[in-house]
Peer 1: 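Quick one: the structure is below, questions incoming.
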Amino acid sequence: MVKVHYFFDPMCGWCYGASSLVGVLADMQEFEIIYHPGGMIPKRAIDPSFRQHILQADTQIANMTKAHFGDAYKARVAGAEDYIVDSYSTTRAFLVGQEMGVEAHVMLSAIQKAHYQDGKHLDVLKVLADLAVSMGLDKATWNEKMAQSEANMLSQVQESHDLMGQLQVGGYPTFILEKEDRLTRLPHSNYYGKTEAWKNYLAELV
């Protein structure tokens, strides 16, 4: 099995745009995805002056990748209330979901859809718990594991940053193929919105 190292953040718009490419990878049995969460945005309210930039970037992402940004999400970004983003709580949810038996790409996709389509407040742990329950997970077990998840999340984020330094990874998303001790950066952006071509490209790499 060939490994693909995926450097990402749940709150990264371009990573959301790349979610269909991740889905293709996850469906191909020849590949194993190693997820490296980046902890891009510790919990904070995004400055109103930066929100317009986010919406403009999202339009570009949607045009290039065909990813759908929901009206509820856009309303949150453009609205008068604080727009709070938290990579740490969502990364904790990503890890706990896997611990409870949800496949990594399924958990990540659910988090991304809750944010980028439904406009959910994923900095609020109760909202993440509701998402977990909607996926069939036990709420009490989820809350218990989430309460214990911070140290593991911080450790994984630090490991990701260390590896990014070693491999000179400058941003998210980044895909690096590991085959026979050789590392190759995949030109994923060439395949935005072209999942069939991406699948054919990956098949040639095995």
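Worth knowing before you read on, the calculation uses all heavy atoms, side chains too, and leaves out hydrogens, waters and symmetry mates. None of the values given here were measured: they were computed from a predicted structure.
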Peer 1: Scan for salt bridge (charged side-chain N to carboxylate O under 4.0 Å, His left out) pairs involving residues 73-99, sequence neighbours excluded, and state none if there are none.
Peer 2: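 For residues 73-99, and leaving out neighbouring residues, the salt bridge (charged side-chain N to carboxylate O under 4.0 Å, His left out) pairs sorted by first residue read Glu99-Lys145.
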Peer 1: Please tabulate, one pair per line, all N/O donor-acceptor pairs under 3.5 Å involving side-chain atoms of residues 152-162, not counting sequence neighbours.
Peer 2:
from: Gln158; atom 1: NE2; to: Asp162; atom 2: OD1; distance (Å): 2.9
from: Ser160; atom 1: OG; to: Pro37; atom 2: O; distance (Å): 2.8
from: Ser160; atom 1: OG; to: Gln156; atom 2: O; distance (Å): 3.0
from: His161; atom 1: NE2; to: Gly38; atom 2: O; distance (Å): 2.6

Peer 1: So, taking the atom named CD in Glu178 and the one named CD in Glu32, what distance separates them when rounded to the nearest 0.5 Å?
Peer 2: 9.5 Å
Peer 1: Under the ring-ring contact (aromatic ring centres under 6.0 Å, His included) criterion, do Tyr116 and Phe69 qualify, and how do the steps go?
Peer 2: CA-CA 5 Å; Tyr116 287 106; Phe69 291 83; 5.5 Å; yes
Peer 1: Can you confirm whether Lys139 sits close enough to Asp130 that some side-chain heavy atom of one is under 4.5 Å from a side-chain heavy atom of the other?
Peer 2: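 SC-SC contact between Lys139 and Asp130 confirmed.
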Peer 1: Would you say that Leu205 contacts Leu202 through its side chain, given a criterion of any heavy-atom pair below 4.5 Å between the two side chains?
Peer 2: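 Side-chain contact under 4.5 Å: yes.
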Peer 1: Can you find a pair of side-chain heavy atoms, one from Lys43 and one from Ile84, that are under 4.5 Å apart?
Peer 2: yes
Peer 1: Within the distance-only criterion (no hydrogens, no angle test), does the side chain of Ser109 pair as donor or acceptor with the backbone N or O of Val106 below 3.5 angstrom?
Peer 2: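 No.
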Peer 1: Tell me whether the rings of Tyr35 and Tyr6 are parallel (<30°), tilted (30 to 60°) or perpendicular (>60°).
Peer 2: perpendicular
Peer 1: I want to check something: taking the side chain as every heavy atom from C-beta on, are Leu163 and Phe7 in contact at a cut-off of under 4.5 Å?
Peer 2: yes
Peer 1: Check whether any side-chain N or O of Trp198 sits under 3.5 Å from a backbone N or O of Leu21 as a donor-acceptor pair, and report yes or no.
Peer 2: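 Yes, the answer is positive, given that a donor and an acceptor are paired below the 3.5 Å cut-off.
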Peer 1: Can you hop from Val4 to Leu183 via hydrophobic side chains spaced under 4.5 Å?
Peer 2: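 Yes; tracing contacts between hydrophobic side chains, which count when under 4.5 Å, links both residues.
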Peer 1: Counting only N and O atoms by type, is there a donor-acceptor contact under 3.5 Å from the side chain of Ser89 to the main-chain atoms of Leu122?
Peer 2: yes
Peer 1: Residues in salt bridge (Lys or Arg N to Asp or Glu O under 4.0 Å) with Glu103, at least two apart?
Peer 2: none
Peer 1: I need the minimum non-hydrogen distance between Trp142 and Gly97, along with the two atoms involved.
Peer 2: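 That closest heavy-atom pairing would be CZ3-N, 3.7 Å.
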Peer 1: Look at the side-chain heavy atoms of Ile, Leu, Val, Met, Phe, Trp and Tyr, link any pair under 4.5 Å apart, and say whether Val133 and Met146 land in one connected group.
Peer 2: no
Peer 1: Taking all heavy atoms of Ala67 and all of Tyr16, pick out the closest pair and write down the distance.
Peer 2: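 The answer is CB-CE2, 3.9 Å.
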Peer 1: How long is the gap from CZ on Arg185 to CG on Leu167, to the nearest 0.5 Å?
Peer 2: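 That separation rounds to 7.5 Å.
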Peer 1: Could you state the interatomic distance from NE2 (His36) to CD1 (Ile176), rounded to the nearest 0.5 Å?
Peer 2: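 Nearest 0.5 Å value for the NE2-CD1 distance: 8.0 Å.
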Peer 1: Leu186 versus Tyr191: any side-chain heavy-atom pair under 4.5 Å?
Peer 2: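 Contact flag for Leu186/Tyr191 side chains = no.
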Peer 1: Using every non-hydrogen atom in the two residues, find where Gly79 and Arg51 come nearest and quote the distance to one decimal.
Peer 2: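 Heavy atoms only, the tightest pair is O-NH1, 2.7 Å.
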Peer 1: Would you please classify the geometry between the Tyr73 ring and the His115 ring as parallel, tilted or perpendicular, with 30° and 60° separating the classes?
Peer 2: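 Perpendicular, since the angle between the ring planes exceeds 60°.
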Peer 1: Any side-chain heavy atom of Met135 sitting closer than 4.5 Å to one from Met107?
Peer 2: yes
Peer 1: Do the side chains of Ile54 and Met64 join up, straight or via other hydrophobic residues, at under 4.5 Å, putting them in one cluster?
Peer 2: yes
Peer 1: Show the nearest heavy-atom pair for residues Ile61 and Gly13, with the distance to one decimal.
Peer 2: CD1-C, 3.5 Å
Peer 1: Starting from Ile34, can I reach Met164 by hopping between I/L/V/M/F/W/Y residues whose side chains sit under 4.5 Å apart?
Peer 2: no
Peer 1: Hey, does Thr174 have a side-chain heavy atom less than 4.5 Å from the side chain of His5?
Peer 2: no
Peer 1: Tell me whether Met28 is reachable from Met1 by hopping between hydrophobic residues (I, L, V, M, F, W, Y) whose side-chain heavy atoms are closer than 4.5 Å.
Peer 2: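 As far as the 4.5 Å side-chain criterion goes, Met28 and Met1 are not connected within one cluster.
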Peer 1: Indicate the atoms forming the closest heavy-atom contact of Gly193 with Lys66, along with that distance.
Peer 2: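 Scanning both residues completely, I find the closest heavy atoms to be O-NZ, 3.6 Å.
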Peer 1: Just to verify, which of Leu137, Asp138, Asn143 counts as forming a side chain to side chain contact (heavy atoms under 4.5 Å, CB included) with Thr141?
Peer 2: Asp138
Peer 1: Side chains of Ile41 and Asp9: does their closest heavy-atom pair fall under 4.5 Å?
Peer 2: no
Peer 1: Heavy atoms only: give me the nearest Cys15-Tyr172 pair and the separation to one decimal.
Peer 2: SG-CB, 3.6 Å
Peer 1: When rounded to the nearest 0.5 angstrom, what is the spacing between CG in Asn200 and OG1 in Thr195?
Peer 2: 9.5 Å
Peer 1: Classify the ring geometry of His188 against Phe175: parallel below 30°, tilted from 30° to 60°, perpendicular beyond 60°.
Peer 2: tilted
Peer 1: Quick check for you: to the nearest 0.5 Å, what is the distance between Trp14 atom CH2 and Ser19 atom OG?
Peer 2: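 Trp14 atom CH2 to Ser19 atom OG measures 12.5 Å (nearest 0.5 Å).
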Peer 1: Rounded at 0.5 Å granularity, tell me how far OG1 in Thr91 sits from CE in Met40.
Peer 2: 9.5 Å
Peer 1: With no hydrogens and no angle check, do the side chains of Asn190 and Tyr201 hold a donor and an acceptor under 3.5 Å apart?
Peer 2: no
Peer 1: Check whether any side-chain N or O of Ser134 sits under 3.5 Å from a backbone N or O of Leu131 as a donor-acceptor pair, and report yes or no.
Peer 2: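 Confirmed, Ser134 side chain pairs with Leu131 backbone.
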Peer 1: Spell out, as yes or no, whether a donor-acceptor pair under 3.5 Å connects the side chain of Gln98 to the backbone of Phe94.
Peer 2: yes
